[in-house]
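Take a look at the structure set out below.
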Amino acid sequence: QVQVVESGGGLVQPGGSLRLSCAASGSIFSIYAMGWYRQTPGKQRELVASITSGGSTNYADSVQGRFTISRDNAKNTAYLQMNSLKPEDTAVYYCYAYLNILYSSPSNYWGQGTQVTVSS
């Protein structure tokens, strides 16, 4: 019914940039928020950034000022522009969409994850 597909990860040198994309599709009634978590082995999952349908954004302290999240509501797509990347940004990034399907309360749907590696 609902698919969340993300892309844009890769290998980049410190100080470089990447842009992640996340597209939700299927029997969606309304999307309330989208964003990314990241997971590093040995660490707890961290919320990186989120954006609501109204455009309100939230960032982890560790990425604030370097990352920018945006969305295209018409395309049900969110973007995470990642600038000034640091080695500690290395992680698997998992996109989520907090949305309603018909006759249901909102819940999270997850992308497949994309690897971001920052290394020289």
Side-chain angles (χ1 to χ4, degrees):
Q1 278 186 283
V2 176
Q3 290 189 22
V4 179
V5 179
E6 60 184 303
S7 62
L11 175 64
V12 66
Q13 293 186 341
S17 297
L18 289 171
R19 190 178 79 157
L20 305 184
S21 299
C22 179
S25 62
S27 303
I28 299 169
F29 181 76
S30 182
I31 299 178
Y32 295 89
M34 299 183 72
W36 275 267
Y37 285 81
R38 65 186 180 188
Q39 181 71 62
T40 301
K43 291 186 175 181
Q44 193 170 4
R45 184 181 62 180
E46 177 186 32
L47 178 63
V48 179
S50 63
I51 185 166
T52 70
S53 60
S56 297
T57 58
N58 190 48
Y59 298 94
D61 289 343
S62 58
V63 308
Q64 194 149 23
R66 299 186 296 118
F67 292 10
T68 302
I69 190 169
S70 61
R71 68 183 295 177
D72 184 338
N73 289 342
K75 297 180 179 180
N76 291 335
T77 300
Y79 306 93
L80 185 65
Q81 181 65 45
M82 309 164 68
N83 297 328
S84 302
L85 283 162
K86 303 175 180 179
E88 49 263 46
D89 295 318
T90 296
V92 178
Y93 285 69
Y94 293 94
C95 175
Y96 75 91
Y98 186 65
L99 57 83
N100 276 333
I101 62 176
L102 287 176
Y103 312 117
S104 180
S105 58
S107 62
N108 280 329
Y109 294 80
W110 294 91
Q112 78 281 8
T114 186
Q115 176 71 48
V116 172
T117 302
V118 185
S119 177
S120 59

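Reckoned from all heavy atoms, side chains included, excluding hydrogens, waters and symmetry mates.
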If we only count heavy atoms from C-beta on, is the [X] to [Y] side-chain gap below 4.5 Å?
X	Y	answer
Tyr32	Asn100	yes
Asp89	Arg66	yes
Cys22	Tyr96	no
Val4	Trp110	no
Arg38	Val63	yes
Thr90	Gln115	yes
Ser21	Lys75	no

Interatomic distance, [X] atom [atom1] to [Y] atom [atom2] [nearest 0.5 angstrom]:
X	Y	atom1	atom2	answer
Arg45	Tyr94	CZ	OH	10.0 Å
Leu20	Gln81	CG	CD	9.0 Å
Ser53	Arg71	OG	CZ	6.0 Å
Ser30	Ile101	OG	CD1	12.5 Å
Asp72	Met34	CG	CE	10.5 Å
Leu47	Asn58	CG	CG	6.5 Å

Check the hydrophobic clustering (I, L, V, M, F, W, Y; side-chain heavy atoms under 4.5 Å; chains of links allowed) and say if [X] and [Y] are grouped together.
X	Y	value
Val2	Ile31	yes
Tyr79	Leu99	no
Met82	Tyr37	no

Do other residues, nucleotides or ligands put more than 12 heavy atoms under 6.0 Å from the CD atom of Gln3? no
Would you say that more than 12 heavy atoms from the other residues, nucleotides or ligands in this model lie under 6.0 Å from the CZ of Phe29, or not?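 Counting neighbours around CZ of Phe29, 12 or fewer heavy atoms of other residues, nucleotides or ligands fall under 6.0 Å, so no.
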Which heavy atom in [X] sits nearest to a heavy atom in [Y], and how many Å separate them?
X	Y	result
Glu6	Gly113	OE2-N, 2.9 Å
Ser17	Ser84	OG-N, 4.3 Å
Ser50	Ile69	O-CG2, 3.6 Å
Ala24	Ala97	CB-CB, 4.4 Å
Ala78	Trp36	O-CH2, 3.5 Å

Would a distance-only check, ignoring hydrogens and angles, find a side-chain to backbone donor-acceptor pair under 3.5 Å from Gln39 to Ala91? no
Ring center gap for Tyr59 and Phe67 short of 6.0 angstrom: no
From the list Thr68, Leu80, Thr57, side chain to side chain contact (heavy atoms under 4.5 Å, CB included) partner of Ile51 resolves to Thr57
According to salt bridge (Lys or Arg N to Asp or Glu O under 4.0 Å), who are the partners of Glu88, at least two apart in sequence or on a separate chain?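 Applying salt bridge (Lys or Arg N to Asp or Glu O under 4.0 Å) to Glu88 gives none.
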